[in-house]
Amino acid sequence: MRHLYLHIPFCHRRCSYCDFNTYANMEHRIEAYVDALCQELVMLRDRLPPLPASPEATALRPSIFFGGGTPSMLSPAQIERILQAAAEIVPLTGAEISLEANPGTGLGRDYLRDLRSLGINRLSMGVQSLHDPTLRMLGRIHTTAEAYAGFNDARAVGFESINLDFIFGLPGQDVAQWQATLSEIIRWEVDHIALYSLILEENTPLYAQVTAGRLRIPDDDMTGAMYELAIETLGAAGYRHYEISNWVRPSASDRPDAPPALACQHNLAYWLNSDYLAAGAGAHGHVFPQRYANLRPIDSYITAVQSGRRPIAETTLLTSADLAAETMFMGLRLDIGVGFAHFAARVGQSLLNYYGPTLDQLSQQGLIECNAQRVYLTPRGRMLGNQVFAHFV
C-alpha cells in the first residue's frame, strides 16, 4: 500500500506549547508553498516504496495525510491541486484521505462540504481542551462552543471518521476537571479520541512560563492518575483502547486480533513500521533502508524545489537492527501488539529468535504477554510503555 504525508506548516497563531515546524501569520506564502509542494510530489513519483509484505500492513487502505500546522487554512482549490498531484503516488479511489483541522479557522458547513466533495474522508480536529481559560492560556484561537459546532458541522455534511485530539496534564488542570472533559467527550458521542500527555518542549512560551514558576503543571502522579482515569472512563463507555494514546468506538466488523475499522489508516502505517513518502517543508519520510527529512525553512524549501532539486536536508541510513527495534517499539503501542508473522515479514527473521531473552525478561516483569500469534503489552506494560520500549532501542 502507498502512504503519503503532506506537511502544511502554516498557523494563524503559534500555540504556547508548540515546537513543530510551523509559521504564524504567513498567509501570503501559502500559494507559493502549494506550488512547490505539487512540484515536489512530481519528483516523488519515481521513488515509490515497495509494497509491504506483512499481513497487517497489506490489509491497510492507501492513505494521504494532510498534517501541520493547520491544513484547514488551505482553500478547497489549493487542496484540490495538491490532491491532483498526489494522485500520481496514491490513487485517490479507495484511499483514506485525512486532514487536520483546527476549530476557529473558518470551519463551517460550506467549507467542510467542499472538503468532502474533494475526497477528504477523515478529519482530525485539534480541540486540546474543553476549558476556555485553558484554551486561551495555550494560545488556541477557538472556544469550546466553536469546537462543538465544528464537530457537529462535520457530522452534518457527512464525515463519518472524525478524530478529536486532547491534552492532559495541562497547567491548572486537576483530576476533577479532566473527568468533566472525559464525560463531555462521551456526551458528544465521538467515535475516535486521541489523548496526549503534555510534553514541555524547550524554546516554547509555555516551557518558559513553567520553568519561571508563573504556571504550574500537574506532577507525574497526577498526570498518571489522569491517564488511568481516561482508561477507566472511556472503557466503561464502550471505547476500545486500541493504541496507547487512542480510543475508538468498536464496529460490528472489528476483530480482537486486528486494528479496529475506525482507526486512522495512516497512523496505523506508522505503528506497523510501514514505508511512507512525505512532502513539504520539514516533512519526514521513511523508505527502508533510509529515513529522510526535508528542509525546514519555507523559503529554503521553495527555492530548492523551484531549482529542480529534492528539498532534502538530511538522510539517515537504517540498519536491520534499527528496522527490528522500530518494528517492536512502534507495534507494541497497539493493543494487538506485534504479530510474529508481521515481524518476520518486515524484518526477515523470527521474533522469538531475534528478541527471545528480552521477551522472557519483560514477561517475567509482567510487562508483556505472548500467545501463539503475537506479543503485546499488559495493562501494567501500557502504564510503563517507555520502559518497555527502551529494551528495544
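Just the heavy atoms: all of them, side chains too, but no hydrogens, waters or symmetry mates, feed the values below.
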Looking at every heavy atom in both Ser300 and Leu295, which two are closest together, and how far apart are they? O-CD1, 3.7 Å
Could you tell me whether the side chains of Tyr301 and His7 share a donor-acceptor contact shorter than 3.5 Å? no
Ring center gap for Tyr276 and Tyr270 short of 6.0 angstrom: yes
Do Glu160 and Asn121 get their side chains close enough for a donor-acceptor pair, meaning under 3.5 Å? no
Could you state the interatomic distance from OG1 (Thr303) to CD1 (Ile298), rounded to the nearest 0.5 Å? 11.5 Å
Residues which pass salt bridge (Lys or Arg N to Asp or Glu O under 4.0 Å) with Arg382, listed by chain and number, not counting sequence neighbours: none
Would a single hydrophobic cluster contain both Val42 and Leu4, if residues Ile, Leu, Val, Met, Phe, Trp and Tyr are joined by side-chain heavy-atom contacts under 4.5 Å? no
Parallel, tilted or perpendicular, as decided by the 30° and 60° cut-offs, for the rings of Trp178 and Phe168: tilted
Show me the donor-acceptor pairs within less than 3.5 Å that the side chains of residues 232-240 make with the rest of the protein, sequence neighbours left out.
| unit_1 | atom_1 | unit_2 | atom_2 | d |
| --- | --- | --- | --- | --- |
| Thr233 | OG1 | Leu229 | O | 2.8 |
| Tyr239 | OH | Val190 | O | 2.5 |
| Tyr239 | OH | Arg249 | NH2 | 3.3 |
| Arg240 | NE | Asp335 | OD2 | 2.8 |
| Arg240 | NH1 | Arg255 | O | 3.4 |
| Arg240 | NH1 | Ala258 | O | 3.4 |
| Arg240 | NH2 | Ala258 | O | 2.9 |
| Arg240 | NH2 | Asp335 | OD1 | 3.2 |
| Arg240 | NH2 | Asp335 | OD2 | 3.2 |

Check the angle between the aromatic planes of Phe10 and Tyr33 and answer parallel, tilted or perpendicular using the 30° and 60° thresholds. perpendicular
More than 12 heavy atoms of other groups within 6.0 Å of Asp220 CG: no
Would you tabulate the side-chain donor-acceptor contacts of residues 342-349 under 3.5 Å, counting partners in other chains and residues two or more places apart, or write 'none'?
| unit_1 | atom_1 | unit_2 | atom_2 | d |
| --- | --- | --- | --- | --- |
| His342 | ND1 | Ser54 | OG | 2.7 |
| His342 | NE2 | Leu272 | O | 3.3 |
| Arg346 | NE | Asn273 | O | 2.6 |
| Arg346 | NH2 | Asn273 | O | 2.8 |
| Arg346 | NH2 | Asp275 | OD1 | 2.9 |

With the 4.5 Å side-chain cut-off for hydrophobic clustering, are Phe392 and Tyr376 part of the same group? no
Does the distance from a Lys or Arg side-chain N to an Asp or Glu carboxylate O, for Asp114 and Arg109, drop under 4.0 Å? no
So if I apply the side chain to side chain donor-acceptor pair (under 3.5 Å) rule between Ser63 and each of Gln265, Arg122, Glu96, His3, which one comes out positive? His3
Please find out if less than 6.0 Å separates the ring center of Trp188 from that of Tyr148. yes
Does Arg291 pair with Asp322 as a salt bridge, N-O distance under 4.0 Å? no
With a cut-off of under 6.0 Å to the ring centre and 45° to the axis, is Arg310 in cation-pi contact with Tyr292? yes
Taking 4.0 angstrom as the limit, do Arg81 and Glu31 come out as a salt bridge? yes
Is it possible for you to check whether Arg374 lies under 6.0 Å from the centre of the six-membered ring of Phe340, through NZ or CZ, and within 45° of that ring's axis? no
Heavy-atom neighbours of Arg214 CZ exceed 12 at 6.0 Å: yes
